[in-house]
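All remarks here apply to the structure that follows.
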Amino acid sequence: MTTDIEMEVMDRIDHLNAMVRETDIYKYYCRYSRLLEEDTEVAGLISKFNRMKVDFEEVSRFGKYHPDFSAKRRELNNFKKTLDMHPVVMEYRRAEFQLQEMLDEVLFHISSSISDHVNVVSSNPFFSMSNESGCATGGSCGCQTAG
């Protein structure tokens, strides 16, 4: 059973989501997300990369003992650099990073206003105000304590 307070919280979350969708950061992300999907050159590069990855996974089953292991790994890494350097991919990743940063900051501020002991999952050390990390146990899960 949902209480009135829980419904109010959900309504405010919907309002916060709408506010995020109005930001330039979100709009920039959407623009490059669409470009990433629509750009035929990028689609071809991604398709080729996925085929190369499958080929490498087949070779890597045998590890460094396979005669093509080093060559396939080098070929895959070089092609990934080519894919990563494509302007649309670069801008998409930049937009994705900026959006993630904004969402991390929003979550951090919400959680820290509730309690200093709420865990915030973030790879950004800015959002950790203490030296603790990892679900308050020091683990490597990526959680950061909010206070």
Side-chain angles (χ1 to χ4, degrees), residues 2 6-61 63-64 66 68-147:
T2 304
E6 290 169 336
M7 288 300 291
E8 169 125 11
V9 169
M10 297 307 285
D11 288 343
R12 289 184 184 206
I13 289 172
D14 289 341
H15 180 69
L16 181 59
N17 284 337
M19 289 173 62
V20 167
R21 288 191 298 269
E22 291 300 316
T23 65
D24 289 340
I25 291 172
Y26 178 77
K27 291 174 183 176
Y28 189 75
Y29 169 78
C30 289
R31 176 177 174 221
Y32 276 93
S33 182
R34 269 191 310 279
L35 283 173
L36 190 67
E37 292 174 7
E38 296 170 355
D39 190 300
T40 56
E41 181 182 357
V42 172
L45 290 171
I46 291 172
S47 178
K48 182 175 179 181
F49 176 73
N50 287 333
R51 286 192 308 272
M52 290 173 73
K53 198 165 69 168
V54 168
D55 288 346
F56 177 70
E57 287 169 359
E58 186 66 29
V59 168
S60 67
R61 289 185 320 143
K64 64 182 180 180
H66 192 285
D68 293 336
F69 179 79
S70 294
K72 291 279 187 184
R73 184 181 62 201
R74 193 171 23 261
E75 183 181 320
L76 182 65
N77 288 337
N78 287 337
F79 194 79
K80 181 161 184 349
K81 288 177 189 173
T82 300
L83 176 62
D84 289 343
M85 295 306 293
H86 190 281
V88 172
V89 175
M90 284 175 49
E91 285 305 310
Y92 170 76
R93 291 224 171 109
R94 181 187 331 258
E96 184 180 44
F97 178 79
Q98 289 172 344
L99 179 60
Q100 185 64 53
E101 262 190 334
M102 182 179 64
L103 294 174
D104 287 347
E105 186 170 358
V106 167
L107 180 60
F108 174 78
H109 287 293
I110 291 170
S111 64
S112 64
S113 69
I114 293 170
S115 169
D116 288 342
H117 303 289
V118 173
N119 290 325
V120 178
V121 178
S122 175
S123 61
N124 188 336
F126 169 77
F127 299 115
S128 177
M129 299 184 71
S130 69
N131 292 329
E132 300 174 30
S133 67
C135 293
T137 63
S140 61
C141 70
C143 293
Q144 301 292 322
T145 56

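Heavy atoms only: backbone and side chains are in, while hydrogens, waters and symmetry mates are out.
Listed by chain and residue number, K80, R93 satisfy the side-chain hydrogen bond (donor to acceptor under 3.5 Å, both in side chains) test with D84 (two or more places apart in sequence, or in another chain). With sequence neighbours left out, T82 forms a side chain to side chain contact (heavy atoms under 4.5 Å, CB included) with no residue at all. With sequence neighbours left out, the ring pair (Phe, Tyr, Trp, His ring centres under 6.0 Å) criterion links H66 to F62. Taking R74 as the reference, nothing meets the salt bridge (Lys or Arg N to Asp or Glu O under 4.0 Å) condition, with sequence neighbours excluded.
Evaluation of the side-chain hydrogen bond (donor to acceptor under 3.5 Å, both in side chains) test over residues 8-20, restricted to residues two or more places apart or in two chains, returns E8-R12.
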What donor-acceptor contacts under 3.5 angstrom involve side-chain atoms of residues 20-37, with partners at least two apart or in another chain?
from: T23; atom 1: OG1; to: V20; atom 2: O; distance (Å): 2.7
from: T23; atom 1: OG1; to: Y26; atom 2: N; distance (Å): 3.1
from: Y28; atom 1: OH; to: E91; atom 2: OE1; distance (Å): 2.1

Using distance only, find each side-chain donor-acceptor pair of residues 47-57 under 3.5 Å and give its atom names and separation, not counting sequence neighbours.
from: S47; atom 1: OG; to: R51; atom 2: NH1; distance (Å): 2.9
from: N50; atom 1: ND2; to: I46; atom 2: O; distance (Å): 3.3

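Taking NE2 from H109 and CG from D104, the interatomic distance works out to 11.0 Å, rounded to the nearest 0.5 Å. Taking OG of S60 as the reference point, atom CZ of R73 lies at 10.5 Å (rounded to 0.5 Å).
Considering only heavy atoms from C-beta on, M10 comes within 4.5 Å of I13 through its side chain. E41 is not listed as a side-chain neighbour of V88, based on a closest heavy-atom distance of 4.5 Å or more.
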For L16 and I110, run side chain to side chain contact (heavy atoms under 4.5 Å, CB included): C-alpha distance rounded to whole Å, both residues' side-chain angles, the deciding distance at 0.1 Å, then the answer.
-> CA-CA 11 Å; L16 181 59; I110 291 170; 3.8 Å; yes

